[in-house]
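Residue numbers begin at 1 in each chain, while the letters A, B, ... track the order of the sequences.
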Amino acid sequence: MRGLLLAFLALIAVPLAAQDTMPPAPYAYTQLDDPALEAQAVELMETLRCLKCQSQSIHDSDAPMAGDMRHQVRTRLLAGESPEQIRSWLIQRYGDYVSYQPEVSSTTWPLFAIPLLLLLVVAAILLRRLGKRRAEDDAETGVDA
Amino acid sequence: MNRALYIIPLALFLFFAGLAGYMLTQNKIQNVPSQMIEQPLPEFTLAPALEGMPGVSKSDFVGGKPRLLNIWASWCLPCIAEAPHLERLKEEGVEIIGVAVRDRPEAVQDFLARYGNPYTRIGSDDISSLMLEVGASGVPETYVIDAQGNIRYQHIGDVREETVDLLLEKLEEAQ
């Protein structure tokens, strides 16, 4: 009987949730009262990388650190900072890595320049080919037709 | 047009496929280095993390010798591993200022009783505010702060035997 009871207790045992018993930061899970400001907060939080769980945004993550970052975003918006000011505050500390919003910088400019360059090349080739064909057509039918 | 030119897109594709395959075999870099090195420590004030020890503010880093700022927590396992090495740094005469992240006074007290107290003061950072200010992304992290209050070096992860000498060297450089 005692063995059975112990076995039953072992079944319902919950691993001690000792890791994170602290309450989250005030604005980690609390929305701002002003819906417009909260919308700005969400938009910004979706483009900031969670540093503990690096493939999620802080909007998606339940990591305590992501909660603390959301708290910073919301309190700073409340204090009148603009979303871009908050983003650059974080980039100043963690580098471009913390932001999911692509920035043109000394290392990323080729990503923006190469597609434009390719489009130009394609346009040039296309123009040349079409131009050539028209010239051929003109030669066949006679220009004065 | 020259036939050989048609090879170029295929070659490019194979190059990128090869690069992607190679990168998959490499270890992912988990550390996010702080961009605050050689920058002044931002202003901050943290309440004491336990009774009987002072809290921490920026002014505690200004004047005298370079110091270590150790960001840790009683719930962090690597922090147990680094405790003896912090003790050694203390024995070498280094002032270590601690910041306990998301921690309770009783838990801090218990940790110090078990693993030693190398700190002169311990601040309590419940919402990672100091971590975010200095560009830290986890615990433990250890920073060398010079006597003018500038961040000079960041060590990510626990302090190990070989890190002790490195930190002593960096503290010397920060003189």
Side-chain angles (χ1 to χ4, degrees), chain A residues 16-30 45 48-56 58 61 63-76 79 81 86-100 103 105 107 111 114 118 121-122 125 128-129 132, chain B residues 1-2 5-6 8-9 12 16 27-44 49 71 73-79 99-108 110-111 124-141 143 151 154 156-157:
Chain A
L16 194 60
Q19 262 277 331
D20 202 62
T21 50
M22 290 291 287
Y27 278 109
Y29 292 96
T30 309
M45 292 185 303
L48 292 175
R49 190 192 294 265
C50 168
L51 296 158
K52 283 284 356 146
C53 35
Q54 297 176 1
S55 299
Q56 282 183 308
I58 60 170
S61 171
M65 180 121 190
D68 292 342
M69 289 169 78
R70 288 195 298 274
H71 174 80
Q72 290 286 339
V73 166
R74 290 195 172 110
T75 45
R76 280 165 190 273
E81 284 186 36
I86 300 169
R87 186 193 304 282
S88 51
W89 179 77
L90 279 166
I91 289 178
Q92 202 191 337
R93 277 149 182 81
Y94 295 99
D96 287 343
Y97 190 76
V98 74
S99 172
Y100 279 125
E103 306 270 344
S105 73
T107 48
L111 294 176
I114 288 174
L118 284 178
V121 169
V122 167
I125 292 175
R128 233 179 80 180
R129 292 222 158 172
K132 206 186 264 177
Chain B
M1 221 197 222
N2 195 341
L5 278 181
Y6 289 103
I8 291 177
L12 271 176
F16 281 111
N27 279 332
K28 192 176 159 225
I29 300 164
Q30 295 281 1
N31 293 342
V32 186
S34 170
Q35 307 291 307
M36 293 295 282
I37 314 303
E38 302 301 334
Q39 304 283 328
L41 197 61
E43 292 290 340
F44 70 95
I71 298 176
S74 69
W75 43 262
C76 133
L77 286 178
C79 298
V99 167
V101 178
R102 273 179 251 112
D103 227 327
R104 292 184 188 284
E106 320 84 75
V108 170
D110 187 54
F111 185 97
S124 164
D125 190 2
D126 286 346
I127 54 170
S128 309
S129 57
L130 178 72
M131 285 184 72
L132 290 164
E133 281 292 357
V134 298
S137 48
V139 277
E141 286 195 12
Y143 293 79
I151 303 173
Q154 175 195 32
I156 300 177

Heavy-atom donor-acceptor pair, Tyr94(A) side chain to Ala136(B) backbone, under 3.5 Å: yes
Side chain, backbone, both or neither: which part of Ser129(B) has an atom under 4.5 Å from a heavy atom of chain A? both
Mind checking the CG-CG spacing from Leu90(A) to Leu132(B)? Nearest 0.5 Å is all I need. 6.5 Å
When rounded to the nearest 0.5 Å, the distance separating CE of Met65(A) from CE of Met131(B) is 4.0 Å
Are the side chains of Ile127(B) and Pro24(A) in contact, using a 4.5 Å heavy-atom criterion? no
Pairs touching residues 127-138 of chain B that satisfy salt bridge (Lys or Arg N to Asp or Glu O under 4.0 Å), sequence neighbours left out: Arg76(A)-Glu133(B), Arg93(A)-Glu133(B)
Could you report the tightest heavy-atom contact between Arg102(B) and Met22(A), atom names first, then the distance? O-CG, 3.3 Å
What closest approach, in Å, do Pro23(A) and Arg104(B) show between heavy atoms, and which atom pair accounts for it? CD-NH2, 4.0 Å
Salt bridge (Lys or Arg N to Asp or Glu O under 4.0 Å) filter on Glu106(B), not counting sequence neighbours, yields none
About how many Å separate OG of Ser137(B) and CG of Leu51(A), when rounded to the nearest 0.5 Å? 5.5 Å
